[in-house]
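Read the structure below first, then the notes.
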Amino acid sequence: MAIQTPLLIVGPFSCQEITKKNSRKDTFTPIDPLALVPKCKSLRDLKQIQAFSIKTQMQNDIFFMSKLINFCTKKPTPAFIYHAHLLFDKIPQPDIVLFNFLARGYARSDIPLNAFVLFLKILTLGVVPDFYTFPSLLKACAGAEALEEGKQLHCLLIKYGLNSDMYVCPALMNMYIECKDNGSARRVFDRIADPCVVTYNAIIMGYVRSSEPNEALLLFRELQVKKIKPSDVTILGVVSSCALLGTLGFGKWVHEYVKKNGFDQYVKVNTALIDMYAKCGSLADAISVFESMPNRDTQAWSAMIMAYAIHGRARSAITLFQEMQNTQVNPDGITFLGLLYACNHSGLIEEGFRFFNSMKENYRIVPGVKHYGCLLDSLARAGRLTDAFKFLTELPILPTLLLWRTLLAACSIHGNVDLGKLVLERIFELDKSHSGDYVIFSNMCARAGKWEEVNYIWKLMKERGIKKIPGCSSIEVNNVLHEFFSGEVMHIEHRELHQEVDKLIEKLKLVGYVPDTSIAFCPSLKDEDKEATLRYHSEKLAITFGLLNSPPGKTIRVVKNLRICGDCHSAAKFIALIFKRNIIIRDLHRFHHFEGGNCSCGDFW
């Protein structure tokens, strides 16, 4: 009786027969190669199975080929996605299922728009797309921020009658949001007759990503009115919105809602609560949430480490990292970013570099621009500007605007006008539109008495149509968020508030406060007007409002859109001292806790 020769495969299938013996017969029957596809650990393994399929005349089987393509697209590395494309091209009459697999892979790859090459091919072959096709293509547009291609897909959706599909609409909204066209995303949402929680989640998270928390919270209210049950994704969006606004009162209400409705079982929701409390200035509440978590993943540990970092508690952040190591939870790039941030804002330069080297050597984590930024900032804050400049120019990555601006701010702090001018030139090579760059260098020159440079910078701003971004501070009082802009006198209540600020400043002067008029230079201002300009900075307006509208002893929490200026920082210390209030100011970079005439930053900011 004839016996089949078994086929041997190399690799993980080494010495494994692709044929098996039938218990009832003496002959060997082939094993289905489909069963081996999920066991592949590399592209080489997959190619061996593909070779076997060719030998057994299975290479034209659409179902088998779809399995191979689907496997490749689950890990859309350049090699896998290229091979999947080759497999697709060899199929004479591909169907829409095959294309959907490949489109999904391209959408998750580094070359998402290549999906459109294949899309054009299937359209010319007469293959009709379905509602699984467009989400992947829209995701590809979102990843590449390809708004024009996305709009063309939108037109095609309307043509095929899929523009109201429950699977397509969230992807369509997300595409517009990622392409920074929130208006179109909202119009898509508003045209949905009966939006479900998935569509609400898409638009809410879109507003969160584009830093429009008020819109996100309004939609959450609308969802509640319609009695649509939110999901954990909805809650993530709401908690993140509170974090963006810095509204502790509403954040605590959301936390109660989370506990009442069982969302505290989700690790991601608890992690978001830690981040929210930290950004709302309540480190104690963040610690409470963290300690109450029965299970903590890498993101939860990282969030708590970052919370300590932004509140200036470097040693607590480092101690928590050691606890994380003891529990054998692997850190990630965010974990180390928190550690570097903590070291940066506490002057722990050597420890910061030690963590950075450990991240690369022990954990094989590739540093990102923010990691380099923390190290650069730590050198620059310490006055080691020459070392910082050398560090920046010798980076293995091309220095970004963020890094150059970090060094420019340090040059301003330490009064190094010559290096600041060189850095500003590098910044202008990349971007000439940011008003903050002009203002920082102008103030630096003003303090050094270089008035020609100051006048030149302001003239340059006027020629280029650059307008200074106004300082804006917000404070939550009785669950209502109040916003104040520097120098604002549009409303009668604000003019009255200015009068209260005047009284406050006079009280501060009696205990030693001296306005720092060196930062109030502008060509249009006379000397006597400089102090008045400083007086009505948004932080002072918000703090004064808080003093007038909250009971004695209550903590005042303020959120500022820019870095707090030196004069407001000094004034806040005096206010905390004479009024016996704790004042917490969240600026663009960190938290400042003012208590008893001191700040948690130790004037290292």
Side-chain angles (χ1 to χ4, degrees), residues 281 312 409 412-415 439-440 442-444 446-449 470-475 477 482 484-489 494-522 525-605:
S412 177
I413 291 170
H414 296 287
V439 174
I440 288 174
S442 171
N443 290 342
M444 189 192 323
R447 284 192 294 269
C472 175
S473 295
S474 61
I475 181 171
V477 176
H482 302 267
F484 302 93
F485 291 86
S486 294
E488 186 176 44
V489 291
H494 288 170
R495 290 201 291 272
E496 293 174 355
L497 184 60
H498 280 207
Q499 294 172 3
E500 294 297 332
V501 172
D502 293 338
K503 296 176 185 177
L504 174 64
I505 295 300
E506 295 308 314
K507 289 181 181 179
L508 299 186
K509 286 181 178 180
L510 294 176
V511 292
Y513 165 70
V514 178
D516 181 9
T517 56
S518 66
I519 63 172
F521 178 81
C522 176
L525 284 181
K526 297 179 181 179
D527 291 341
E528 59 268 22
D529 295 326
K530 292 181 181 180
E531 184 181 333
T533 301
L534 287 174
R535 217 167 250 215
Y536 308 127
H537 277 189
S538 63
E539 303 98 309
K540 294 189 183 78
L541 293 173
I543 292 172
T544 304
F545 185 84
L547 290 171
L548 294 171
N549 294 279
S550 61
K554 185 175 179 61
T555 298
I556 294 174
R557 291 181 169 85
V558 174
V559 178
K560 173 78 185 291
N561 67 331
L562 305 172
R563 187 195 294 264
I564 185 174
C565 76
D567 184 71
C568 288
H569 190 270
S570 175
K573 289 195 290 185
F574 282 104
I575 295 170
L577 176 65
I578 66 175
F579 288 93
K580 297 180 181 180
R581 294 277 198 124
N582 288 345
I583 300 173
I584 300 175
I585 297 180
R586 177 182 124 189
D587 72 3
L588 189 61
H589 297 281
R590 65 169 296 158
F591 276 88
H592 297 267
H593 292 250
F594 299 94
E595 182 178 1
N598 297 307
C599 180
S600 60
C601 72
D603 295 335
F604 190 79
W605 57 281

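- In this structure the side chain of Val559 never reaches within 4.5 angstrom of the side chain of Arg557, judged on heavy atoms.
- In plain terms, the two heavy atoms of Val501 and Leu541 that are nearest each other are CG2-CD2, 3.9 Å.
- The distance from the CG atom of Leu504 to the CZ atom of Phe574 is 12.0 Å, given to the nearest 0.5 Å.
- Expressed to the nearest 0.5 Å, how far NE2 of His592 lies from NZ of Lys573 amounts to 11.0 Å.
- For the atom pair CD (Glu539) and OG1 (Thr544), the distance works out to 11.0 Å, reported to the nearest 0.5 Å.
- In this structure, His482 NE2 and Ile475 CD1 are separated by 8.0 Å, a value rounded to the nearest 0.5 Å.
- Here Ile543 contributes atom CD1 and Ile575 contributes atom CD1; the two are 4.5 Å apart, rounded to the nearest 0.5 Å.
- Two residues are said to be in side-chain contact when any heavy atoms from C-beta on lie closer than 4.5 Å; Lys560 and Cys568 fail this criterion.
- Using a 30° and 60° split on the angle between ring planes, Phe484 and Phe545 fall in the tilted class, from 30° to 60°.
- When every heavy atom of Gly471 is checked against every heavy atom of Leu562, the shortest pair comes out as CA-CD1, 3.9 Å.
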**Study point:** Verdict with reasoning, Glu506 to Lys503, per salt bridge (Lys or Arg N to Asp or Glu O under 4.0 Å)
**Key:** CA-CA 5 Å; Glu506 295 308 314; Lys503 296 176 185 177; over 6 Å; no
Practice item. Apply the test side-chain contact (heavy atoms from CB on, under 4.5 Å) to residues Asn598 and His593: give CA-CA distance (whole Å), side-chain angles for both, the deciding distance (0.1 Å), then the verdict. Key: CA-CA 8 Å; Asn598 297 307; His593 292 250; over 6 Å; no
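- The side chain to side chain contact (heavy atoms under 4.5 Å, CB included) test with Val477 is passed by exactly one of Ile556, Leu548, Asn549: Asn549.
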**Study point:** Residues Phe594, His569; criterion side-chain contact (heavy atoms from CB on, under 4.5 Å); working and verdict
**Key:** CA-CA 9 Å; Phe594 299 94; His569 190 270; 3.6 Å; yes
Point to revise | Verdict with reasoning, Val511 to Leu577, per side-chain contact (heavy atoms from CB on, under 4.5 Å) | key: CA-CA 10 Å; Val511 292; Leu577 176 65; 5.6 Å; no
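- Of the inter-residue distances, the one linking Ile585 atom CD1 with Arg590 atom CZ reads 12.0 Å to the nearest 0.5 angstrom.
- Between Lys509 and Pro515 the shortest side-chain heavy-atom distance falls below 4.5 Å.
- In this structure a side-chain-to-backbone donor-acceptor pair under 3.5 Å is present from Ser486 to Ser538.
- Side-chain atoms of Lys540 come within 3.5 Å of backbone atoms of Leu534 as a donor-acceptor pair (strictly under, hydrogens ignored).
- Side-chain N or O atoms of Asp567 include one that pairs as donor or acceptor with a backbone N or O of Asp516 at under 3.5 Å.
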